[in-house]
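See structure below.
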Amino acid sequence: FTFSIRLEDLRLKLENEGLVNISYVVVNHQGTQSQRKFHLLKESVSDYITVYQQDEQQADVWTTLNGNKDDFLIYDRCGRLVYHLGLPYSFLSFQYVEESIKIAYCENKCGNCSYTEPDIDVICENITKKADEKLAEIEPNPAGQHSHHHHPHRHRHHH
């Protein structure tokens, strides 16, 4: 249940950075073994993370979503799939999930939106500023040379 502890830590970190009103849902596997451990999984996360138990008789959620057990599907505030991260990109020890959530949260693709938080511009500016500062710390800047940042390429998977 290390996953659930890391997910809760990520939820708290993002909330402390001002990213609020994000819904987190863990989909439990349909298998008998997973169903027996459902209560343990549910107890390992806070009330802010929903744990969904699939019924054995229903169509598998992961099959329906073209995903696998350890995938992260990240939707924007309008319900559009923005990122679909599979292993190893879904390991919470890496930054991919966190960065994908931040991008989905901060991008304003469809203009003004009733779901947008009032202070989102300030929050997202701070996130971008912190990311730029981190890059500046790790990027070598030889004396007398102009500094410019290279942002990692972001992979988008639209379905």
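Numbers for residues simply follow the sequence, beginning at 1.
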Evaluate the side-chain proximity of [Y] to [X]: yes if any heavy-atom separation is below 4.5 Å, no if none is.
| X | Y | answer |
| --- | --- | --- |
| Leu40 | Glu43 | yes |
| Ile123 | Glu17 | no |
| Ile5 | Ser44 | no |

* **Cluster link Val97 to Phe94, ILVMFWY, side chain under 4.5 Å** =>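 Yes, it is one cluster - the side chains of Val97 and Phe94 are joined through contacts under 4.5 Å.
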
* Could you go step by step and tell me if Tyr24 and Leu14 meet the side-chain contact (heavy atoms from CB on, under 4.5 Å) rule? -> CA-CA 12 Å; Tyr24 298 86; Leu14 293 175; 3.5 Å; yes

By side-chain contact (heavy atoms from CB on, under 4.5 Å), which residues pair with [X], not counting sequence neighbours?
| X | value |
| --- | --- |
| Leu12 | Glu8 |
| Asn16 | none |
| Val27 | Val25, Tyr52, Gln54, Val61, Trp62 |

* Just wondering, are more than 12 heavy atoms of other shown residues or ligands nearer than 6.0 Å to OH in Tyr75? ->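 Counting neighbours around OH of Tyr75, more than 12 heavy atoms of other residues, nucleotides or ligands fall under 6.0 Å, so yes.
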
* Quick one: side chain to side chain donor-acceptor pair (under 3.5 Å) partners of Gln33, sequence neighbours excluded? -> Arg36

* Asked: Excluding sequence neighbours, so at least two apart, what forms side chain to side chain donor-acceptor pair (under 3.5 Å) with Thr63?
  ->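 Here the qualifying residues are Asp60.
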
Could you give the distance from [atom1] ([X]) to [atom2] ([Y]), rounded to the nearest 0.5 Å?
| X | Y | atom1 | atom2 | value |
| --- | --- | --- | --- | --- |
| Ile74 | Arg80 | CD1 | CZ | 15.0 Å |
| Gln53 | Gln35 | CD | CD | 4.5 Å |
| Leu10 | Leu19 | CG | CG | 10.0 Å |
| Asp70 | Phe3 | CG | CZ | 8.0 Å |
| Asp55 | Gln30 | CG | CD | 8.0 Å |
| Leu73 | Asn66 | CG | CG | 9.5 Å |

* Asked: Is a donor on one side and an acceptor on the other found under 3.5 Å between the side chain of Tyr105 and the backbone of Ile22?
  ->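 Answer holds: no.
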
* To do: Show your working on side-chain contact (heavy atoms from CB on, under 4.5 Å) between Asp76 and Glu107 and close with a plain yes or no.
  => CA-CA 9 Å; Asp76 67 10; Glu107 278 189 355; over 6 Å; no

* To do: Taking all non-hydrogen atoms of both residues into account, name the closest pair between Ser90 and Leu87 and its distance.
  =>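 Shortest heavy-atom separation between Ser90 and Leu87 comes out as OG-CD2, 3.2 Å.
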
* Name all residues meeting the ring-ring contact (aromatic ring centres under 6.0 Å, His included) criterion together with Tyr89; count only those two or more places apart in sequence or in a different chain, and write none if there are none. =>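 Tyr89 satisfies ring-ring contact (aromatic ring centres under 6.0 Å, His included) with Tyr96 only.
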
* Would you please test Val26 and Ser4 for side-chain contact (heavy atoms from CB on, under 4.5 Å) and show each step? => CA-CA 9 Å; Val26 175; Ser4 51; over 6 Å; no

